[in-house]
Number of protein chains: 2
Amino acid sequence: MPAKRATSYACPIRDVLDRVGDAWSVLVIMELAGGPCRFNALQRVVNGISARMLSVTLRHLERDGLVSRRVLETSPPQVEYALTTTGASLHRAMGELAAWAETNQPAIREARAAYDASLEAAQ
Amino acid sequence: MPAKRATSYACPIRDVLDRVGDAWSVLVIMELAGGPCRFNALQRVVNGISARMLSVTLRHLERDGLVSRRVLETSPPQVEYALTTTGASLHRAMGELAAWAETNQPAIREARAAYDASLEAAQ
DNA sequence: GTATCTGGTTACCGATCGTAACTTATCCAA
DNA sequence: TTGGATAAGTTACGATCGGTAACCAGATAC
């Protein structure tokens, strides 16, 4: 029995991060914040995501009510994904964290390099 | 053709989330924000984490310069972990997301239940 | 006929995660 | 002096997860 499930109800942060924590979800939300987008268009723009992971990610986000799915009556039928209002509010809440990531990326890279170097020196 | 959206996907968000994305890191950071803490004390307070995952998580955070590790000259020797200034700034940046998680947890639960119910109805 | 577009699904494999057991050492109580 | 508790992890192993490649039907374009 995974501890994950046991604690998620006690901790909203954990509960939300179990879904939003994976990098793909965040990248998809960032992309959809720019406006609705179709499946293949999303895959082209979210660098490195596979069709399977995009499919899985979108279904999770849809289940949590963060993303809506609409089938267009074209031929071949297209599928348009968009943020719901809840999804849009999450995107806004991620803003501060995104800014932090951008300003602190160099510091983190440096720290990693220093740590790895010190380990190598210890050998 | 999909409009090319100007998003930088060598991207810091992804880079940071690869580390911070797992729920354990976040929970440990939240805990350490309350002040320095020893290994076993952390394990008792972070609900459900195993010694192995705590060890792994702390080493990752230390490598990224978000957490410091200090061995106390006691007997038996104790190890005290604390947020660095970078780690503390990350905690501050997570505040908005944490608040979002708390206010939106009910909505997400509801959406999940509705989604699962509609799937079952479709069967 | 063949290539490309649409939105996915399936099979498979290696990395990761969690659980339980083990380690080395010191102190306290019986 | 033997057992238990606490300290901070490490190791082995099985389950689960994420990613890659291949494949599907139907339609349009060349």
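Throughout, a chain's letter reflects where its sequence line sits, starting with A, and its residues are numbered from 1.
Partners of A/Ala82 according to the side-chain contact (heavy atoms from CB on, under 4.5 Å) rule, which considers only residues two or more places apart in sequence or in another chain, are A/Pro36, A/Ser68. Under the side-chain hydrogen bond (donor to acceptor under 3.5 Å, both in side chains) criterion, B/Ser25 pairs with B/Asp22, not counting sequence neighbours. A/Trp24 pairs by the side-chain hydrogen bond (donor to acceptor under 3.5 Å, both in side chains) definition with nothing, not counting sequence neighbours. With sequence neighbours left out, A/Glu80 forms a salt bridge (charged side-chain N to carboxylate O under 4.0 Å, His left out) with A/Arg70.
Side-chain atoms of A/Phe39 and A/Leu58, non-hydrogen and from C-beta on, do get closer than 4.5 Å to each other.
Distance B/Met53 CE to D/dT16 C1': 13 Å, rounded to the nearest Å. Distance CD (B/Glu73) to C1' (C/dT26): 15 Å, rounded to an integer number of Å. Between A/Leu27 atom CG and D/dG19 atom P the separation is 11 Å, expressed in whole Å.
Among pairs with a residue in residues 51-61 of chain A, those fulfilling side-chain hydrogen bond (donor to acceptor under 3.5 Å, both in side chains) read A/Arg19-A/His60, A/Ser55-A/Arg59, at least two apart in sequence or across chains.
Checking the phosphate oxygens (OP1, OP2) of C/dC17, no side-chain nitrogen or oxygen of B/Trp24 falls inside 4.0 Å.
Note on A/Ser50: a base of the nucleic acid sits closer than 4.0 angstrom, heavy atoms only.
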Discussion item. At under 4.0 Å between heavy atoms, how does the protein contact nucleotides 7-13 of chain D? Give one character per nucleotide, 5' to 3', with B, S or -.
Written reply: BBBBBB-

